Amino acid sequence: MKTAIYPGSFDPVTLGHYDIIERTAKMFGRVIIGVLNNKMKSPLFSAQERVNMLKEVTANLPNVEVQSFDGLLIDFVRQNSGGIIVRGLRAITDFEYELQMAQTNRVMAPEVDTIFLTTNLKYSYLSSSIVKEIAENKGNISEFLHPSVAEMVQAKFRGQA
Ligand code: ADP
């Protein structure tokens, strides 16, 4: 049973992320979503909030688990005996950074491979930061997020969460 690790910030999880998760869950016996608890970035949602959101939206996918991690991704991958990292590619602009990360991780952990899933065209423009910008300006974000996540984002900007 192969384990795939899908790491990211997921601040918040979008339908584009969900599409990658669903497709990965069909290909691997076990999928672990790794929520990066990065002290350098200042996220809208705490790591625990992001984990809870992801658990809620993936509750229908029995082989998907959600954990937060800090430190090096390859250490998290090794702790979970996963040999595969999954990342999504939206456009050529993602490519350079993703290639650099994958190559660096390969040098540090040759036993770990990174695979890329190309985005569903429907979501190729979608990013967590765009969604936050729309929400901050009181735009409608329901096209981009799971309903419960959209509610949490709106509550955050209303200052209720
Ligand atoms: P990070 O800070 O690690 O880039 P993100 O949460 O922004 O975290 O993204 C996690 C992964 O999901 C990345 O590989 C990113 O390219 C991918 N991703 C983000 N949005 C989409 C989308 N709309 N379609 C497909 N993949 C996406």
Side-chain angles (χ1 to χ4, degrees), residues 3-28 30-58 61 64-80 82-106 108-109 112-136 139-150 152-153 156:
T3 300
I5 311 280
Y6 179 36
S9 307
F10 307 106
D11 185 42
V13 55
T14 68
L15 294 180
H17 292 127
Y18 182 80
D19 181 73
I20 300 283
I21 296 166
E22 209 175 24
R23 285 156 62 200
T24 306
K26 286 190 190 137
M27 288 187 274
F28 292 90
R30 182 175 176 223
V31 179
I32 302 175
I33 303 172
V35 175
L36 180 61
N37 189 3
N38 187 343
K39 292 172 191 78
M40 314 266 261
K41 288 190 181 175
S42 44
L44 180 63
F45 292 98
S46 70
Q48 190 55 53
E49 286 173 320
R50 286 177 277 145
V51 166
N52 293 345
M53 261 179 208
L54 276 154
K55 281 190 174 160
E56 190 166 333
V57 303
T58 59
L61 303 171
V64 173
E65 295 162 37
V66 189
Q67 295 179 30
S68 69
F69 74 100
D70 52 21
L72 287 180
L73 172 60
I74 51 158
D75 290 337
F76 178 68
V77 172
R78 283 173 169 154
Q79 278 155 24
N80 287 288
I84 297 188
I85 298 168
V86 173
R87 296 282 288 175
L89 282 180
R90 282 164 293 191
I92 197 79
T93 42
D94 281 340
F95 184 76
E96 202 166 330
Y97 173 72
E98 293 292 341
L99 185 68
Q100 186 183 22
M101 289 284 296
Q103 305 287 46
T104 310
N105 284 334
R106 174 184 291 284
M108 292 190 294
V112 176
D113 246 313
T114 303
I115 65 165
F116 297 98
L117 296 189
T118 50
T119 177
N120 184 325
L121 272 183
K122 250 177 23 191
Y123 304 123
S124 58
Y125 59 89
L126 190 53
S127 71
S128 300
S129 30
I130 287 234
V131 168
K132 284 183 279 195
E133 213 168 308
I134 298 170
E136 193 168 9
N140 182 359
I141 51 172
S142 60
E143 297 258 354
F144 314 126
L145 306 175
H146 187 280
S148 65
V149 176
M152 286 170 80
V153 173
K156 203 51 119 175

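Remember, it's 1-based here, ligands and their atoms both numbered in the order they're listed. As the structure is a prediction and not an experimental result, all values here were calculated from the model.
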Chemist: Listed by chain and number, what are the side-chain hydrogen bond (donor to acceptor under 3.5 Å, both in side chains) partners of S124, not counting sequence neighbours?
Modeler: none

Chemist: For E56 and N52, test the side chains for any donor-to-acceptor distance below 3.5 angstrom and give the result as yes or no.
Modeler: no

Chemist: Applying side-chain hydrogen bond (donor to acceptor under 3.5 Å, both in side chains), can you list everything that pairs with Y123, at least two apart in sequence or on another chain?
Modeler: none

Chemist: Who's touching ligand 1 if we go heavy atoms under 4.0 Å?
Modeler: Y6, P7, G8, S9, F10, G16, H17, I20, K41, R87, G88, R90, D94, E98, T119, Y123, L126

Chemist: Residues in side-chain hydrogen bond (donor to acceptor under 3.5 Å, both in side chains) with Q79, at least two apart?
Modeler: none

Chemist: For the side chain of R50 and the backbone of F45, is there at least one donor-acceptor N/O pair under 3.5 Å apart?
Modeler: yes

Chemist: If we only count heavy atoms from C-beta on, is the E49 to P12 side-chain gap below 4.5 Å?
Modeler: no

